[in-house]
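Reading through the structure tokens given below for one structure.
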Amino acid sequence: MEEKQQRMHEQDVVTDKAVSRLSDLWKKEDYWAIWIGFFLLIVGMIIYLPRPPAGMNETIEKANAVLAAEAQRAPFKTIEWYQATDAKKKLKASSSPIGKALSHFMHKPHGWSTNPLDAFYLSEEAAEAKKAKAMEKYEAAKAKEAAALALAKEKQAAAEAAGFKDAALNEEARKAIGEWRMAHDKASSAKKKTSVKPYNQIPYLIGFGICLALLFSVGMKFMGHSPARFMAGFPLVFLLAILAYAAEGQATMKHWGIGYAAWAIIFGLIISNTVGTPKWAMPAVQVEYYIKTGLVLLGAEILFGKILAIGIPGIFVAWVVTPIVLITTFIFGQKVLKMPSKTLNMTISADMSVCGVSAAIATAAACRAKKEELTLAVGLSMVFTSIMMVAMPAFIKAVGIPEVLGGAWMGGTIDATGAVAAAGAFLGERALYVAATVKMIQNVLIGVIAFGVAVYWCAKVDCVPGQRVSAMEIWHRFPKFVLGFIAASIIFSMLYQAMGPDAGYAMVDHGVLRGFTRIFRGWFFCLAFVSIGLATNFKELAHHFKGGKPLILYVCGQSFNLALTLLMAYIMFYKVFPDITAKI
Amino acid sequence: MCSCCTEGPWRPSARAMGWIKLAAGVFFIWLFMFVIGPWLQKAPSVEPLAQFIEESGIEATAFYYTEVEQTGDAEVDIRSTFRFMPQDP
């Protein structure tokens with residue numbers, strides 16, 4: 001009986017049991033997550049690293065020379081300064097022919113509005129019609145950009161004629177350049193929409209699904225499961241993952257920021273709680289296998305070189321406030337709310353304070369949270385992300401909070417990066433850049449948090465009170481996939497540093513990661529969330545929500561986060577480093 | 001024995017109930033996606049943001065920085081600002 005209960009618990013938690021043997025290397029999913037993850041990372045490196053964008057080094061050198069000269073010439077960012085940064089932004093290894101081919105093959109369902117078939121198929125006529133409509137908008141946006149640029153040039157020339165010593169002329173030029181940048185962003189967005197091409201995604205999705213099934217079935221065989229049974233069940237899980245991505249692409253849902261994670265759980269839950277998950281599909285319902293493999297790939301996206309991107313103010317907002325909020329919320333949950341589950345408390349605290357879904361996944365796996373607990377944390381994050389994405393820019397505008405402060409505030413508090421970018425861009429380009437950069441360096445914190453939580457759980461939480469845990473015992477209990485996650489982060493951070501931020505941006509960030517492994521990681525998480533839905537009972541879920549404590553924890557923690565982040569951002573950007581803020 | 005063969009008021013079998021619940025679930029998703037969501041979006045505080053997201057093409061549903069194109073642009077811009085900060089004359 002006890003053994004049965006133990007086995008049931010192991011199926012629920014996002015980890016495996018704590019015994020180490022040499023055969024674990026090929027019999028445990030933690031290690032298979034590492035092998036598959038690193039296999040994909042190596043393939044990504046083989047594809048992209050030998051193929052830098054044409055003239056990459058020359059372009060970087062030339063752009064940096066222009067930037068250095070312009071920084072000395074004027075007390076504000078000139079038109080030439082922005083054009084040089086734009087030249088660097090265009091350097092992307094993923095824009096190479098092979099990058100485009102891979103993106104085409106692994107593409108998720110396309111965006112759509114009223115007809116779900118548009119997610120998978122677009123005829124030539126429909127593509128032409130869309131293109132013609134987009135061209136009209138682009139022509140208008142291009143004309144506005146040209147006019148804004150002409151005005152900016154005029155104002156900059158006037159400021160230059162005064163030797164850049166007239167503060168009023170400088171301010172006029174700065175304002176005109178800012179307006180040109182807004183018009184430039186709008187024209188760039190409009191231009192992207194003109195590149196509509198007909199597509200039929202169905203054969204590619206089938207081919208990609210077969211690749212994924214084969215990839216995971218190798219590990220299944222070594223772990224003692226039947227690959228044939230896994231392959232038989234996989235189509236249902238993959239089909240629901242496709243539908244989750246398709247739902248995410250629906251125009252209204254995109255506006256609300258409701259991503260594939262929520263849809264994958266919802267679709268899985270609906271099936272498992274109505275007609276029931278078919279028995280033949282259960283061998284492919286592998287929550288931990290998919291999550292851990294996705295997390296190893298996520299590790300590569302944690303590039304420590306990025307934490308200095310916005311200097312000391314960014315570190316204080318993202319790397320000082322966040323751990324304070326995380327620990328305070330966790331202690332509040334334990335001592336004041338008396339949360340019945342420590343793992344639920346930690347998953348919600350991390351999800352709310354760090355960066356939503358990705359932090360919830362990493363922390364849940366590191367502390368052995370139950371799948372229902374991860375579901376609750378993701379659900380709370382999704383709901384509050386939507387609310388905050390709408391409410392925060394409206395509040396910031398209404399109160400008149402400056403763009404940089406508003407951007408830093410949203411970057412440090414809204415959970416999901418996409419919602420941060422949307423809310424930031426809605427305020428303006430400066431807000432977008434600060435918000436997105438603060439969020440990005442907060443994203444990097446996941447690595448440290450996941451490792452810290454895994455060690456803390458092994459050494460403190462999972463032991464009898466008063467028991468002293470040896471280093472070997474900690475090793476036995478430690479979720480091994482975290483080693484792959486950390487190793488991937490260290491290797492890719494070193495690679496990124498060795499290349500320097502400009503080449504690293506083109507080759508690592510916009511090559512191996514965004515052009516290859518990120519796509520697999522997204523699918524793996526989607527498969528994991530579908531599996532969570534397919535294996536979860538509504539009653540179990542309701543049990544974890546009993547008393548509304550998770551909601552109270554999230555609201556209290558987020559309120560503290562909002563107050564502390566605003567205070568820290570104000571102190572850092574407006575009291576300690578006002579000169580930096582003025583130049584952003 | 002099948003529930004439809006017993007006496008008393010007709011009740012669908014558990015299997016049929018499952019399919020009815022599934023249909024209800026799909027209906028609620030449709031309702032949220034095409035009726036409630038768009039209706040809520042018409043609120044004055046929401047509509048401008050929704051329109052902005054549509055026009056800018058920002059992936060508002062993304063949850064990690066590598067999924068959002070604008071984070072890359074932001075990083076290049078901010079890094080360049082710190083490295084090549086315009087100097088006062």
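By convention in this document, chain letters (A, B, ...) are assigned in the order of the sequence lines, proteins followed by strands, and residues within each chain are numbered from 1. This structure is a prediction, so every number in the text was calculated from the model and none was measured.
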Residue pair [X] / [Y], side-chain heavy-atom distance below 4.5 Å:
X: B/Met85; Y: A/Ile580; answer: yes
X: B/Tyr65; Y: A/Ile302; answer: no
X: B/Asp77; Y: A/Tyr82; answer: yes
X: B/Arg79; Y: A/Lys88; answer: no
X: A/Phe267; Y: B/Ile29; answer: yes
X: A/Arg521; Y: B/Glu67; answer: yes

**OP:** Give me the contact list for residues 433-442 of chain A versus chain B, heavy atoms only, anything under 4.5 Å, ordered by residue number.
**Re:**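 Result: A/Tyr433, A/Val434, A/Ala436, A/Thr437, A/Met440.
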Original post:
In chain order, what residues pass the ring pair (Phe, Tyr, Trp, His ring centres under 6.0 Å) check against B/Phe52, with sequence neighbours excluded?
Top reply: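 Result, ring pair (Phe, Tyr, Trp, His ring centres under 6.0 Å) vs B/Phe52: A/Phe426.
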Subject >> Partner chain A: residue of B/Gln70, B/Gln51, B/Glu54 with the largest heavy-atom pair count (under 4.5 Å) >> reply: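 Most pairs with chain A among the choices: B/Glu54.
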Decide, yes or no, whether a salt bridge links [X] with [Y] under the criterion of side-chain N to carboxylate O below 4.0 Å.
X: B/Glu75; Y: A/Lys306; result: yes
X: A/Arg514; Y: B/Glu59; result: no
X: A/Asp502; Y: B/Arg83; result: yes

Ignoring hydrogens, what is the shortest heavy-atom contact between [X] and [Y]? Give both atom names and the distance.
X: B/Ser56; Y: A/Ser189; value: O-OG, 3.3 Å
X: B/Thr61; Y: A/Ile258; value: CG2-O, 3.4 Å
X: A/Lys193; Y: B/Glu55; value: NZ-O, 3.4 Å
X: A/His255; Y: B/Ile53; value: O-CD1, 3.7 Å
X: A/Ser358; Y: B/Tyr64; value: OG-CD1, 3.5 Å
X: A/Thr252; Y: B/Pro38; value: CG2-N, 3.6 Å

Given that the side chain runs from C-beta out, which part of [X] has a heavy atom under 4.5 Å from chain B: side chain, backbone, both or neither?
X: A/Ser113; result: backbone
X: A/Ala247; result: both
X: A/Gln250; result: side chain
X: A/Asp509; result: side chain
X: A/Ile519; result: neither
X: A/Lys137; result: neither
X: A/Lys77; result: both
X: A/Met382; result: neither

For the interface with chain B, which of [options] has the highest count of heavy-atom pairs at distances below 4.5 Å?
options: A/Arg73, A/Met253, A/Lys92, A/Lys254; answer: A/Met253
options: A/Leu308, A/Ile270, A/Asn273; answer: A/Ile270
options: A/Ser188, A/Ala419, A/Ala309, A/Ala416; answer: A/Ala309
options: A/Ala71, A/Ala251, A/Ala68, A/Ala63; answer: A/Ala71

Quick check on [X]: does its [atom1] atom have over 12 non-hydrogen neighbours (other residues, nucleotides or ligands) under 6.0 Å away?
X: A/Lys186; atom1: NZ; result: no
X: A/Lys90; atom1: NZ; result: no
X: A/Phe395; atom1: CZ; result: no
X: A/Lys397; atom1: NZ; result: yes
X: A/Ile312; atom1: CD1; result: no

**OP:** Select one option (side chain, backbone, both, neither) describing which atoms of B/Phe28 are under 4.5 Å from chain A's heavy atoms.
**Re:**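 B/Phe28 has no heavy atom closer than 4.5 Å to chain A.
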Subject >> Per-residue contact mode, B/Glu69 against chain A (heavy atom under 4.5 angstrom) >> reply: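 Contact with chain A is through both the backbone and side chain of B/Glu69.
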For the atom pair [atom1] ([X]) and [atom2] ([Y]), what is the distance rounded to the nearest 0.5 Å?
X: B/Phe63; Y: A/Thr417; atom1: CZ; atom2: OG1; value: 9.0 Å
X: A/Asp86; Y: B/Asp73; atom1: CG; atom2: CG; value: 8.0 Å
X: A/Arg430; Y: B/Ile78; atom1: CZ; atom2: CD1; value: 9.5 Å

**OP:** Check for a donor-acceptor pair, side chain of A/Trp81 on one end and backbone N or O of B/Phe84 on the other, with a separation under 3.5 Å.
**Re:**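 Judged by distance alone, yes, a pair lies under 3.5 Å.
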